[in-house]
Amino acid sequence: RVTKPQGPEEELHCPFGNISVLSSVCYALGGEGKSSMDEAFETALDELRAQVGVAAPESEEPTAVLTYGSAKTQAKLASKLKSVLTRYGKEGKDDDDWDGWDQEMPLLSTDESCVALGTAALGASVHGRARVITSVKGTDGKMRPKARAGVAVQDAATCAVAVSFNYSSGDADRWTEPRTIFDFDRRVPAGPYHIDFTAAECAAHVKHCEKAGGNCVEDESELIDAAKGMEGSRRIPQREAAALRLRFRVFQRTARGGEWVRVGDDMRPLSMRHSQKEEGEDGEGDFVAIESAVLELGLSAVGTITTGLITNGETIAQATKSARNTKLLRYGTILGSILFIGGFLVKSYVEERIFERDTRRVLAYYKHAAPNSFHDGDERQARYLVWKYKGKKDKLWRRLEAKYDVPVRHEWEWEDDEEEEAKEEEKAEDAEDLDDGEGEGEEL
């Protein structure tokens, strides 16, 4: 797909500013076990048609078909293209969902030097020889000239990349089926794609294989539940053994529908070579198991596969201890936060209750020591005094006693005195009534 047409005043050597590869289909010709040109051509064109329909479903038939090579080769290609496109047109004649591929598509041949000239133009663009000057707005708001590449090419992957796992120390019959990570026509560069490894999941896979057979746990939810059961200090031996048995392999497929080809050596993501071993020593004793690791898998623009392993280097026992300490620290932090915040709440509640109590105490004092005065019943004044003498209540009580010559009592103590006075008054009234009754009896 070519976009962004450029005029001669911009860059004559690159008529289009963007070239985006939607799909790349390649087949080898000749040789034993390989397809003939006619078979490979028809297969490749069928697949290219299907892939373009998936990659660009909104577009109709291609604008044109270009051929490259010698004049003789291009003549053969044009003849074969015409026959295949005619077949497409007949097949889609009565099809409402027809994509428009037919013999009416223009076929354009090119000069024999087209590939060489195109390669030179791309090289010149990469090295800055072919460039376009554009105006870019700076931070100060002024437009300034800036050079960019004459053409930008977005490539698509011409291969597929897959991974496979083995939880039985690399046993040839226990490898899982390759799982595709980067498929054909993937925009490149791609990645990094992260693959997480944990010793608990490895132990779950090993337990499943020993119990039910197979190479791994297929169900994701079942794997998560089984991995949780393998955590903790009691499962350290199982996790260590499973981590040391883990193997990882990368595969590449260069032809659609072809065979997976192994790339590089097998990796051991959860095994770390012991630093105290002597150089030259080999064997299982050289490695210690680690709790977790992350593998980064990438695919460059030219098809190079890159890998990188990220781990903190903690052994399973160290990771278990760190997790336990982290859990205790988390619970301790939560408990400390609750106590800290709760302490403030309790302190605020207690101080409010004391403040209200002392306010009532001051009001009760004014009621008995200075009745019918301005301070009697003045709650605002009482609250102000309690606030002013916060932390110095004894000083407040001494000043009140010195001013009114009446001892400061608690609120309920005044009530007790009132009750006693009321009782004494009742007794006095009863006594007067008795005296009055005796006097009348004498007169009678």
Walk me through whether Phe248 and Val163 qualify under side-chain contact (heavy atoms from CB on, under 4.5 Å). CA-CA 7 Å; Phe248 177 79; Val163 296; 3.4 Å; yes
Does a side-chain N-to-carboxylate-O contact under 4.0 Å join [X] and [Y]?
| X | Y | answer |
| --- | --- | --- |
| Glu210 | Arg245 | yes |
| Arg239 | Glu291 | yes |
| Arg249 | Asp266 | yes |
| Glu356 | Arg383 | yes |

Closest non-hydrogen atom pair between [X] and [Y], with its separation:
| X | Y | result |
| --- | --- | --- |
| Ala200 | Glu231 | CB-CG, 4.2 Å |
| Pro237 | Arg234 | CD-O, 3.9 Å |
| Pro269 | Ile290 | O-CD1, 3.6 Å |
| Cys159 | Leu299 | SG-CD1, 4.4 Å |
| Ser164 | Trp175 | OG-CE3, 3.5 Å |
| Ala243 | Cys202 | N-CB, 4.5 Å |

With rounding to the nearest 0.5 Å, note down the distance linking [atom1] in [X] to [atom2] in [Y].
| X | Y | atom1 | atom2 | answer |
| --- | --- | --- | --- | --- |
| His205 | Glu218 | NE2 | CD | 9.0 Å |
| Ile224 | Glu201 | CD1 | CD | 7.5 Å |
| Leu297 | Tyr193 | CG | OH | 9.0 Å |
| Asp358 | Leu396 | CG | CG | 8.5 Å |
| Phe344 | Glu351 | CZ | CD | 10.0 Å |
| Lys347 | Leu345 | NZ | CG | 12.0 Å |

side-chain contact (heavy atoms from CB on, under 4.5 Å) for Arg174 and Cys209? Distances and angles first, verdict last. CA-CA 9 Å; Arg174 305 303 294 272; Cys209 296; 3.3 Å; yes
Looking only at side-chain N and O atoms, does [Y] offer a donor or acceptor that is under 3.5 Å from a partner on [X]?
| X | Y | answer |
| --- | --- | --- |
| Tyr167 | Arg247 | no |
| Glu296 | His194 | yes |
| Arg187 | Ser20 | yes |
| Asp46 | Tyr88 | yes |
| Arg361 | Tyr365 | no |

Could you check whether atom [atom1] of [X] has more than 12 heavy atoms from other residues, nucleotides or ligands sitting under 6.0 Å from it?
| X | atom1 | answer |
| --- | --- | --- |
| Lys393 | NZ | yes |
| Asp219 | CG | yes |
| Phe355 | CZ | yes |

Are the side chain of [X] and the backbone of [Y] linked by a donor-acceptor contact shorter than 3.5 Å?
| X | Y | value |
| --- | --- | --- |
| Thr304 | Ser300 | no |
| Ser373 | Ala370 | yes |
| Thr176 | Phe165 | yes |
| Thr110 | Cys114 | no |
| Asn166 | Asp171 | yes |
| Ser337 | Thr333 | yes |

Taking the side chain as every heavy atom from C-beta outward, state whether [X] and [Y] have any atom pair closer than 4.5 Å.
| X | Y | value |
| --- | --- | --- |
| Gln252 | Trp260 | no |
| Trp397 | Asp394 | yes |
| Val261 | Thr254 | no |
| Glu222 | His208 | yes |
| Thr311 | Val294 | no |
| Val386 | Tyr384 | no |
| Glu352 | Val350 | no |
| Phe251 | Val161 | no |

Could you check Tyr349 against Arg353 for side chain to side chain donor-acceptor pair (under 3.5 Å), going step by step and ending with a plain yes or no? CA-CA 6 Å; Tyr349 174 77; Arg353 292 293 300 271; 2.7 Å; yes
Step-by-step side-chain contact (heavy atoms from CB on, under 4.5 Å) determination, Leu244 to Phe287: CA-CA 8 Å; Leu244 293 173; Phe287 294 93; 4.0 Å; yes
Parallel, tilted or perpendicular: rings of Tyr404 and Tyr366 (30°, 60°):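 Aromatic pair Tyr366/Tyr404 classed perpendicular.
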Could you please spell out the steps behind the side-chain contact (heavy atoms from CB on, under 4.5 Å) verdict for Gln154 and Ile19? CA-CA 6 Å; Gln154 295 179 323; Ile19 298 177; over 6 Å; no
